Amino acid sequence: MLWLRNSWIVTVLIIEVFGASLYTVEAKPQRILLDTDVNTDDFFALFYLLKLNRSEFQLEAITMNTNTWSDAGHAVNHIYDMLYMMGRDDIAVGVGGEGGVLEDGTILPNVGGYLPIVEQGMTTAGGCRYRQAIPVGLGGRLDVDTNFGLRKAFLPQGSRRYSPLRQPTAQQVMIEKISTGPITVFLIGAHTNFAIFLLNNPHLKKNVELIYIMGGGVRSKNPTGCCPKNASTSCEPGLCGDPGNLYTGYDSNPYAEFNIFGDPFAAYQVFHSGIPVTLVPLDATNTIPITEEFFKAFEESQGTYEAEYCFQSLKMARDTWSDDQFYASYFMWDSLASGVAISIMRNSQKKNGENEFAEMDYMNITVVTSNKPYGISDGSNPLFDGLEVPKFKLKKGGVHSGHVQTGLRDPFCFVENGKGKCKDGYTEEVPGPDAVHVLVATKAKANQDVINRPEHTGRFNLLTEFPYYREVLYKPDFKHKKLGRPVVFDMDMSAGDFLALFYLLKVPVEVLNLKAILVSPTGWANAATIDIIYDLLHMMGRDDIPVGLGEVFAMNQADKVIPQVGDCNYAKAIPHGSGGFLDSDTLYGLARDLPRSPRRYTAENSVNFGAPRDTDHPELRQPLSLEIWTSILKTLDPGSKITVLTNGPLTTLAKIITATKTASLIQNVYVVGGHISRSSLDKGNVFTIPSNKYAEFNMFLDPFAAKTVFESGLNITLIPLGTQRKVSLFPETLARLEMTRRTPEAQFVKRLLFRLYTLQQTHHRYHHMDTFLGEILGAILLGGDHPNLKPTMQEMRVKVIAEGVESRDGQILMDKKHGKLVKILKNVDPVAYFDLFASRLGDEKQSAVLGSYDEQRIMWNTPPNPTLLDI
């Protein structure tokens with residue numbers, strides 16, 4: 001009954017999302033800075049803060065920590081859209097940054113927080129020591145980045161967006177807002193951003209009045225994963241009774257909670273900063289799970305757009321939950337923390353943090369950052385290992401000097417036939433000088449106050465912003481055309497891949513019939529970026545082309561126990577910030593200029609595909625690459641075979657080879673990637689892995705997949721890095737585009753190329769932009785018989801190195817005895833190449849049917865044309 005009673009506290013918090021407080025005050029409003037990981041439960045907290053009386057509380061800024069549940073490019077635009085819906089474009093938003101940390105611990109300006117502090121070097125590329133606890137695909141970052149597909153279906157799109165080198169960084173926003181005067185900081189994700197701020201700006205600590213934290217578990221005993229009292233003897237408890245909630249890694253670390261585990265050293269700095277801390281840990285949040293009674297009440301009480309968005313998000317979380325224990329496993333973590341914080345701030349005259357939402361107690365706690373024995377050197381601790389002077393001048397033999405958990409399967413953390421022993425990220429009660437006196441929420445109160453007066457509500461959603469909003473699918477009629485050779489494009493969604501896709505869509509269908517697009521999200525972009533493909537296809541009138549989502553891990557990287565999580569031994573080579581994931585996931589800030597497609601990734605699912613239950617619209621489920629591959633094979637004419645063009649890691653193609661018996665239906669494979677070094681000076685392009693001098697990114701990012709493909713016996717044409725470099729010339733490409741017809745696609749491509757070129761000339765993080773320009777070559781070679789191109793081919797026996805050795809993996813070696821025979825493109829005529837690319841994009845045939853999002857907005861403000869097909 002306790003959980004049922006305490007569900008009322010959830011009700012009051014949710015009601016305040018779409019109803020506002022009646023409190024009125026005359027004093028100056030209390031200023032708030034929110035640092036969030038933009039997970040689903042964070043929306044509830046954000047909307048709660050946005051709906052407060054602004055004369056009493058003023059949300060000044062939002063910064064994002066993007067080293068846990070969300071990815072920077074998707075998270076920042078998600079926040080912009082929610083603020084636009086709420087009419088709050090005045091709120092500052094900060095994300096990322098390109099600063100680094102020197103070996104001696106000197107912190108340079110604008111560290112982006114993409115990596116935990118112990119891993120932060122001078123770039124934004126790096127490993128996933130803690131982040132590997134978070135699923136990458138379904139139920140993890142993919143669903144958070146897209147909010148299960150609801151983000152694009154519901155939220156309107158304003159004018160604010162991420163733009164390279166113009167986006168305010170997290171540190172810039174924190175410094176600006178905190179230096180202005182007294183402010184309260186809410187931390188509802190990992191603590192990296194704020195810890196960096198504290199370490200680098202000790203003179204501004206005095207302006208931070210209080211820190212409110214959702215995270216950790218002190219005396220908590222996790223109620224999830226427990227076997228029922230009448231369970232059979234075969235039931236094995238999971239997290240039951242443990243202090244933490246790392247459900248993907250409780251057998252190695254049963255003590256940590258996700259937010260603190262995201263960066264334990266950062267959390268330690270925050271707790272030990274000397275600023276008063278109020279903690280809302282699992283101790284309190286575990287007492288208020290979402291109940292079925294609350295869920296039904298919420299479903300019947302959606303009075304505002306923000307309430308609708310929150311409920312739909314919650315419903316998708318429930319409907320896609322991995323088991324039938326949602327109501328016992330999902331808690332209102334961040335909204336409870338916000339409610340406790342606001343109540344304490346509003347009633348500051350009361351003692352001991354008395355508030356409406358939770359019982360409070362003072363405890364002496366610390367954050368565990370390493371494991372005993374202290375003072376060891378086993379290669380696990382970057383703050384000490386190999387350094388004469390520890391980083392940040394830490395104490396030798398101190399609490400930070402022990403073994404630091406290296407991953408979910410760290411052998412140090414396992415105890416035979418027992419619970420894991422690692423405590424990294426544990427908010428532990430300790431005696432003595434190592435402890436901090438912290439005000440802790442221990443249990444939620446039963447609170448039945450209901451505030452239902454609408455105020456500060458959302459203005460509109462995507463559907464109601466426009467008087468004539470409608471969704472239209474554009475599917476060409478090819479009944480009277482003789483279609484060309486069937487082609488499947490396998491891409492990792494780098495900028496170059498989108499340039500190549502535009503070109504493929506412009507090749508006459510009588511020459512090239514693009515049957516499908518397969519996505520390998522193991523390269524330059526995160527899986528949620530699949531939505532940009534849908535938007536580009538919509539622009540070009542090709543909503544008929546199916547798009548399949550491939551494996552989110554390179555071969556041998558998924559965890560063998562819980563395959564939804566895994567390692568990043570190869571993906572760590574991609575920068576998270578500028579010139580990397582941040583820019584790929586936003587198409588360098590230009591993705592939002594594309595019209596918005598009715599098609600998009602959704603987490604909708606069906607029992608027919610292994611889901612635990614059907615969601616409301618299983619027909620909208622995102623198909624997987626193997627499903628798309630199987631379906632298009634059924635559409636081939638007798639005797640026909642598929643030509644495959646790969647522009648990224650070979651993850652998906654290797655999966656097709658190993659998981660199906662259809663390789664015989666592949667006519668040719670054109671592989672854009674690989675590097676054949678002909679001298680010690682002829683280097684590859686994996687610039688983030690200095691020890692590997694001769695690999696190329698597409699091969700390095702999944703070397704075992706590349707090895708599988710090259711040894712498969714398929715007819716392979718390799719378009720290597722050396723040949724790509726001969727045509728990767730921005731000035732020449734842009735000059736020729738300037739002379740072509742101004743079709744919408746030519747204009748968009750020119751803008752994208754100009755942006756890449758300008759960034760390359762402006763900032764060192766973009767020095768590798770010509771890598772993407774060379775990726776067009778495969779599409780041009782595949783796009784028809786062009787005698788002026790004068791391609792020169794050479795047959796050669798080669799092998800791909802895949803040994804699990806970072807300094808060698810992904811390299812291609814000539815091996816006359818044991819290598820596999822492939823064709824290699826050595827040369828093309830550069831002038832003909834530039835002419836072909838520009839003239840094809842300027843061709844008015846097979847041109848865009850909807851040129852931009854601005855054009856789409858005009859359409860939605862205009863009565864519909866009855867000749868269009870509405871869906």
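Model, not experiment: these values are computed from the prediction.
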Any donor-acceptor N/O pair, [X] side chain to [Y] backbone, under 3.5 Å:
X: N698; Y: V672; result: yes
X: R129; Y: Q405; result: yes
X: T369; Y: F265; result: no
X: D319; Y: T615; result: no
X: N253; Y: D424; result: yes
X: N193; Y: M64; result: yes
X: S584; Y: F581; result: no
X: S380; Y: V404; result: yes
X: T602; Y: L620; result: yes
X: N668; Y: T643; result: no

To the closest 0.5 Å, what do you measure between [atom1] ([X]) and [atom2] ([Y])?
X: E803; Y: K707; atom1: CD; atom2: NZ; result: 8.0 Å
X: F489; Y: T646; atom1: CZ; atom2: OG1; result: 9.0 Å
X: I517; Y: L549; atom1: CD1; atom2: CG; result: 12.5 Å
X: L624; Y: E551; atom1: CG; atom2: CD; result: 8.0 Å
X: D71; Y: Y114; atom1: CG; atom2: OH; result: 10.5 Å
X: S494; Y: I574; atom1: OG; atom2: CD1; result: 9.5 Å

Any [X] side-chain heavy atom under 4.5 Å of [Y] side chain:
X: L773; Y: L756; value: no
X: N526; Y: R141; value: yes
X: W69; Y: P135; value: yes
X: R151; Y: H74; value: yes

side-chain hydrogen bond (donor to acceptor under 3.5 Å, both in side chains) partners of [X], counting only residues at least two apart:
X: E806; result: K572
X: D490; result: S520
X: W333; result: none

Nearest heavy-atom pair of [X] and [Y]: which atoms, and what distance?
X: P546; Y: I628; result: CB-CD1, 3.6 Å
X: A75; Y: T66; result: CB-CG2, 4.3 Å
X: A190; Y: N67; result: CB-OD1, 3.6 Å
X: I188; Y: D37; result: O-OD1, 3.7 Å
X: F414; Y: D410; result: CD1-O, 3.2 Å
X: P649; Y: L701; result: CG-CB, 3.7 Å

Inset, instruction - Step through the shown structure and confirm whether more than 12 heavy atoms of other residues, nucleotides or ligands are within 6.0 Å of NZ on K515. - result: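 Counting other residues, nucleotides and ligands, NZ of K515 exceeds 12 neighbours.
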
Inset, instruction - Tell me, yes or no, whether the heavy-atom count around K799 atom NZ, taken from other residues, nucleotides or ligands under 6.0 Å, exceeds 12. - result: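 No - once you tally the heavy atoms of other residues, nucleotides and ligands closer than 6.0 Å, there are 12 at most.
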
Inset, instruction - Could you give me the CA-CA distance, side-chain angles and deciding distance for D702 and T522, then say whether side-chain hydrogen bond (donor to acceptor under 3.5 Å, both in side chains) is met? - result: CA-CA 8 Å; D702 197 340; T522 52; 4.9 Å; no

Inset, instruction - Step through it carefully: locate the ring centre of H768, locate the ring centre of W524, and say whether they are under 6.0 Å apart. - result: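 So the answer is yes for these two rings.
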
Inset, instruction - Hey, can you tell me if F326 and W321 have their rings parallel, tilted or perpendicular (30° and 60° cut-offs)? - result: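 Taking W321 first and then F326, their aromatic rings stand perpendicular (interplane angle over 60°).
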
Inset, instruction - Give the ring-plane orientation class for H78 versus F43, where under 30° counts as parallel, over 60° as perpendicular and anything between as tilted. - result: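 Perpendicular.
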
Legend entry - salt bridge (Lys or Arg N to Asp or Glu O under 4.0 Å) contacts touching residues 558-570 (sequence neighbours left out):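 Sorted result for residues 558-570: R409-D559.
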
Legend entry - Pairs where residues 522-536 contributes a residue and the test salt bridge (Lys or Arg N to Asp or Glu O under 4.0 Å) is met, not counting sequence neighbours: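 Only K152-D535 qualify under salt bridge (Lys or Arg N to Asp or Glu O under 4.0 Å).
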
Legend entry - side-chain contact (heavy atoms from CB on, under 4.5 Å) partner of I533, the single match among D497, V547, I545: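 Among D497, V547, I545, the one meeting side-chain contact (heavy atoms from CB on, under 4.5 Å) with I533 is V547.
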
Legend entry - SB check R621 E627 (cutoff 4.0 Å):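 Yes.
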
Legend entry - Any pair counted as ring pair (Phe, Tyr, Trp, His ring centres under 6.0 Å), so long as it reaches residues 121-151, sequence neighbours left out: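 Sorted result for residues 121-151: Y130-F261.
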
Are [X] and [Y] close enough that a side-chain donor and a side-chain acceptor fall under 3.5 Å?
X: Y601; Y: D143; value: yes
X: D583; Y: Y766; value: yes
X: S807; Y: N692; value: no
X: N222; Y: D242; value: no

Legend entry - Residue from N65, D263, T68 passing side-chain hydrogen bond (donor to acceptor under 3.5 Å, both in side chains) with T192: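 For T192, the side-chain hydrogen bond (donor to acceptor under 3.5 Å, both in side chains) check succeeds only for D263.
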
Legend entry - Pair F258-L246, side-chain contact (heavy atoms from CB on, under 4.5 Å): steps then yes or no: CA-CA 6 Å; F258 273 106; L246 294 183; 3.5 Å; yes

